[in-house]
Structure formats: C-alpha cells, structure tokens
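Worksheet: one structure, shown below.
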Amino acid sequence: MYAQMVDTGSPSATSLDEREARFQSRIDDGIRVEPQDWMPDRYRKTLIRQISQHAHSEIVGQLPEGNWITRAPSLKRKAILLAKVQDEAGHGLYLYSAAETLGITRDQMVDDLHTGKAKYSSIFNYPTLTWADVGAIGWLVDGSAIMNQIPLCRCSYGPYARAMIRVCKEEAFHMRQGYDIMLALCAGTPEQKAMAQDALNRWWWPSLMMFGPPDGDSVHSAQSQAWKIKLFTNDELRQKMVDQTVPQAEHLGLVVPDPAVKWNAERGHYDYGDIDWEEFYNVVKGNGPCNRERLEVRNKAWTDGEWFRDALVAHADKQAQRLTAQAA
Amino acid sequence: MSTARYEYLLRFGDNALILSQRLGEWCGKGPALEEDMALTNVALDLLGQARLLLSLAAEAAGNGADEDSLAYHRDDRAFRNVLLVEQPNGNYADTLARQFLFDAWSSLALRRLLSSSDAAIAAIAEKAVKEVSYHLRRSSDLMVRLGDGTERSRAMLQTAIDKVWPYSHELFIGDAVDAEMTAAGIGFDPASVHDEWLAYVREVFAEATLKLPAAGGWMPKGGKQGLHSEHLSKLLAEMQVLQRSHPGASW
Amino acid sequence: MKNQWPLWEVFIRSQHGLAHRHVGSLHAPDATMALNNARDVYTRRNEGVSIWVVKSTDITASHPDDKAELFDPANSKVYRHPTFFPMPEEVKGL
C-alpha cells in the first residue's frame, strides 16, 4: 500500500535482453501488452501477421457464403445470412483496427492480401455448391473458428483480446444459424437430407485442417504460446472440434466422412483418421479450387471502389479548405 | 377482401424486396469495408420492410399465402414493383443514384402512409419511415460528397443519374388501384408527392453541383401493373431457384 | 494508397446511462462520415444511444514509461476511500 518510488533508471540504459525478460515476465503475470508499451520486434511482427491473416480470413470468408445471399430459400434465411456476412465484414474491420495499433496501415494489409503476399484461412478456397454448404460453413467453419477465438479473448495483446471479445459475442449466433439450417435440411425431403450429407462430406476435412498443421510441424507454436498469443496447440483444438462435432452430426442423422472416427474411452476422446496434409499445403500455396477467384473478386472490389474512396477524401479536403477560408 | 388493398401492399412490398435483393448483390464487394456494412444495413432494413408488407398482403389474400410464397412463387408478371428498383446495380455510382431517387420518394410515400386509415399499414410505415429517413440522409450526403469530390466522381455520378432518371417517372403515375386506395383513405395519390420530391432532389443536386436531367423524353412504366423490364425475370430466376426446384420443401 | 481514409476512435454510450466507452476504431474521410460509419459498424445490435468519434491522431496519451510516477502515488492516498474510516456499526446513515 505504501509503496515507495523506486528509481528504475532510465530505459535507454537497460539492455535489450533485460527488456525482453521484463516483457516476458509481465506476460507471465497476465499483464496485457498495450500499443505504446515496449515490445520485442518479433512479437510485433508475429502479431501483425496473425491478426491480419485473421482479418483477411473474415473478409475473404464473406465470399463463399455471400454466394448464396441472392438465392437464400426463404426471406428469413436471407435476412439472417445478410446479417451474418455483414458481421464478417465487421469482424475484419475490428481486426484490421487491432493490427493498426501495431504500426501497419489497413491499406498496406489489404495490399498484401491482394498481391498474394498475405495468407488467409485456406478453407475459404473451397466452393459453396449448394445451400447446405451455407449450413455446413456456419456449423463447422464457424464452430472451428470460435473454438480458436474464445481463448484469444485472453491473449496478451490488449487490442487483439478486446477485438476478439467483440467478435466472439457477435459470432455466438453464427454457428447456431448454421446448425439450424442443417436441422431443417435433415428434417426435410430426401433430396435435402442428401444435400446436407454431401455438404458434411466436403467440409469435414477442410474444417479440421483449419486449425493448421500438426503440432510437430507447426513452426511458430512454442514462441507464440510463451507470448500468450496462442493459448492451445493446433492438435488440442482439433481434437476438441472432433469431440464436439461428432455427436452433433449423429443428432442430425448424418455420417462423418471418416471411418476411423470412434470413441476412445481410454483417451476420453474420439479417434479420427489421418488428414491429407498434402491437400492442405497445396491449398495454402494457392492451388485450391477457388484461390484465384476469391482474390480476383477482392481485387476487383478494391480497384472498382478506388474512385469512390478517393472522391470522399477529395471532398473532405475541399470542405476543410473552405472552412479555413471562411475563418480567415 | 379488397383486391386493391392486396395489390397496393404488393407494390410497396415488392419495391422493398427487389431493391434489397439488388443491394444484397453488393454484400462483400463494396468499395470500402465501412461502406459495405452501411449498404448492407440498408438492404437489411428494406428486406425487413418487405417481409412485413408481404406478410400483410398474404393475410389480405387469405388463401394460405405467406411472405415466402409471395416472394418465391410468383412469376415476374405478378410482381408489382416499379421498374426503377429492378434495374441492375451497374457500378457503385449507378447503385447510389438509383438509391437516392428511391429513398427521396420512399421517405415521402411512407410519411403519407403514416396517416393511412388502415392501422396495419400505418404501423408498418411508422417503423419504416425512421429507417428510410436515415437511408435518405445517407444517400443525399453521398450525392453531395461524390458530386463535389473529384472530376471523375462527378462525371460518374452524373452519367448514373442521367441513366436512371427516366425510371423515376413511374413513381408518380397513379392508376385505378391508387385511386381506390386514396378514396378509401388508405393510400395517397402518387402524383401528389411529385413536386415535393422534385424540390428535394433539385436542392440536393444543386448542392452536389449535379445537373437535373431535362424533363420529358422517354418515360418507361408498367412495373406497378406487372409489365417489367427484362431484368426482373432474371433476378427472380436467381432468387427463386431453390423454392422452385424443391417444391413443397421447407428450409 | 496515399488516399487512405484517416483512422477514428469510436466511443459509445449505451442505453443504461453509463459514460461513453471506447469500442474500437474505423476509417472515414471526415467526422460526419465517421459518425455515420460508427452507427453502421458499432451499433448493429442496438448497443448505443450516443456516439462520439475522435480522430486517432488527435488523442494525446500518457506514456507507459510514466506509469509509476503518474499512477503509483495515488496508491498511498488511502484516506480518499470511504473504507478508510471505521464507523460505529450502530450509527446509521453514514
């Protein structure tokens, strides 16, 4: 209570190692890092990469579902889907803002996305072929995403954690609306049920791949965990996803497209089969079914919108000049 | 049941539905994230209005219809929206010009419906008028900003306005349905909002340094009576595909 | 890229009469559009009844290195808290 003022010396006198050690011990103590705090350059860079990838995924992630907005089979579903896809734009925006506090501009990040320099979640490079895919994305993809995002609400970087809290709060309905679509399809005609099964078949493996490569091959994992910007390993989250999803599929009367899926009483988890990592790396490298299309659409939207963005800046500048002229 | 009232509700409901369908095409592809979200909010408001109006129309039809059967199981000849709202999105200036002309009309139309003798219609108008007031503020503001912005933005917007302008005339042409609804105190005479609409549009264009297109010339019409442009049946083919290919299924 | 819209910080007062709270940021060409965008981005779920926007570059923030000298001294002013004063339990209204 009656703490004395302790002179810690001028910051410039401390060595980088000492600073890093102090930084790490603050993180270990659960103290949040804020934008103006000193941070190791690698922490900053890793976070920029992670947050911007996350933001890009939200933005590109609008496209596969957006593909069905104009064809949603009821007005209620249309309204829900519009709101959901709009939420994703919002989440991209919150995340870009969080990354901007680390000293990168949104335009720079957008440029990195458009030139293929930055990555986004590989899952959005798969096509949405039927309405059931919209259900499967909500159920499986948002289900996986939220599993990854909830722990991030406690991550070490303040603006990122706060953005994730907002995202998670808003996303609560996304997974449910997806499962709700699947419920309706599975209670519907044989064609609808087949549509649901087909969607599960196509989205199951990509959803498991979403958590990233197996722990043994994950390059940045250990450091990111020490920095508390990654709180569970890829395989831990993947297992959680399988454990959660298998009973949900059973409830729908759908079959998970993996014969190896079986409850393992000893482990207290479901076993599952081998993931085709070659496919994963191939999609990440740009060779998924929709990589080119997705980037083309984003690039076109950005290029087509340039006149609009520029015009609004020009107007704002002119207005400011007029005001100054008036005041003079 | 009054057929005229049913027709009348379809006109307002279809306007909102078809315009929101068009705006939904932009979702995820707007010129800036913030703008994309703003436009989607407009689309959502309009879709909400469409659902209320079509539900009320379905109730008036009294044949077991509902909002979805009306939206998904009518052919283009049975749609009653004005030609303006079914016009393709074009570039973003085209979309905004169409939106501005519609918002300016819709905000006046809804204000008239506030005093409708039909309580259900007045209630919908009361909710919708707040939404549309915001839409109009937004689209007017963008007219001024883009008209003033750069040479290019003014040129694009002027071209867009000139292109969409002829479709605005239909908004003010009354027919027997309008007359019956006006006489019953449920609706209003479309011609009666024209001057106020034009005065407002003129004022915004003046501030935006945009030219008001000349009066007269080509004035397409017929949407309110079910005679549409070629664009509508294509829009419906896309919108209705699932309901049509899976008859009787629920979603 | 030169024409990027500036960054704005958004503050929203919720229905419950609490003070405006920082909710995030966004880009907009000027203050009016920042307000509009804030409405469309940050109040989609009925979150607020009043919005403030401030250009991010207009915010002056305290420096984290000053934390000790700015804030620690308040720790010793315990008498500013009502719990500092033991009160006879039988006396009411204090």
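Chain naming here is simple, since letters A, B, ... match the order of the sequence lines and numbering starts at 1 in each.
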Run the side-chain contact (heavy atoms from CB on, under 4.5 Å) check on A:Val313 and B:Thr150 step by step: do they pass?
CA-CA 9 Å; A:Val313 173; B:Thr150 59; over 6 Å; no
I'd like to know whether [atom1] of [X] has more than 12 heavy-atom contacts from other residues, nucleotides or ligands below 6.0 angstrom.
X	atom1	result
A:Lys318	NZ	yes
A:Arg322	CZ	yes
B:Arg244	CZ	yes
B:His73	NE2	yes
B:Glu126	CD	no

Enter the distance from [X]:[atom1] to [Y]:[atom2] here, rounded to the nearest 0.5 Å.
X	Y	atom1	atom2	answer
B:Leu23	A:Ile69	CG	CD1	11.5 Å
A:Asp310	B:Arg152	CG	CZ	8.5 Å
B:Ser250	A:Leu185	OG	CG	9.5 Å

Can you say whether [X] sits under 4.5 Å from chain B via the side chain, the backbone, both, or neither, judging by heavy atoms?
X	answer
A:Thr189	side chain
A:Arg71	both
A:Met195	side chain
A:Leu93	both
A:Lys300	neither
A:Ile59	side chain

Could you tell me which portion of [X] (side chain, backbone, both or neither) has an atom closer than 4.5 angstrom to a non-hydrogen atom of chain A?
X	answer
B:Glu151	neither
B:Ala93	both
B:Tyr72	side chain
B:Leu96	side chain
B:Leu157	neither

Nearest heavy atoms of [X] and [Y], plus distance in Å:
X	Y	result
A:Leu63	B:Gly28	CD2-O, 4.1 Å
A:Ala311	B:Leu146	CB-CD2, 3.7 Å
A:Ala314	B:Gly149	CB-O, 3.5 Å
A:Leu75	B:Asp68	N-OD1, 2.9 Å
B:Lys29	A:Ala301	O-CB, 3.5 Å

Between B:Leu33 and A:Arg106, is the side-chain contact (heavy atoms from CB on, under 4.5 Å) condition met? List the steps.
CA-CA 11 Å; B:Leu33 263 183; A:Arg106 191 200 287 179; 3.7 Å; yes
Under 4.5 Å, counting heavy-atom pairs only, tell me which of B:His246, B:Arg145, B:Met156 racks up the most with chain A.
B:Arg145
Flag side-chain contact, heavy atom, 4.5 Å: A:Val85 against B:Thr40:
no
Taking the side chain as everything from C-beta on, heavy atoms only, tell me whether B:Met239 gets closer than 4.5 Å to A:Lys78.
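Yes, their side chains come closer than 4.5 Å.
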Walk me through it: do B:Trp251 and A:Gln192 pass the test side-chain contact (heavy atoms from CB on, under 4.5 Å)?
CA-CA 9 Å; B:Trp251 302 90; A:Gln192 286 177 303; 3.4 Å; yes
Which of B:Glu25, B:Glu238, B:Gln21, B:Arg22 passes side chain to side chain donor-acceptor pair (under 3.5 Å) with A:Thr70? It is B:Glu238
Winner by heavy-atom pair count (cut-off under 4.5 Å) against chain B, out of A:Gln86, A:Glu88, A:Gln62:
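Between A:Gln86, A:Glu88, A:Gln62, the count favours A:Gln86.
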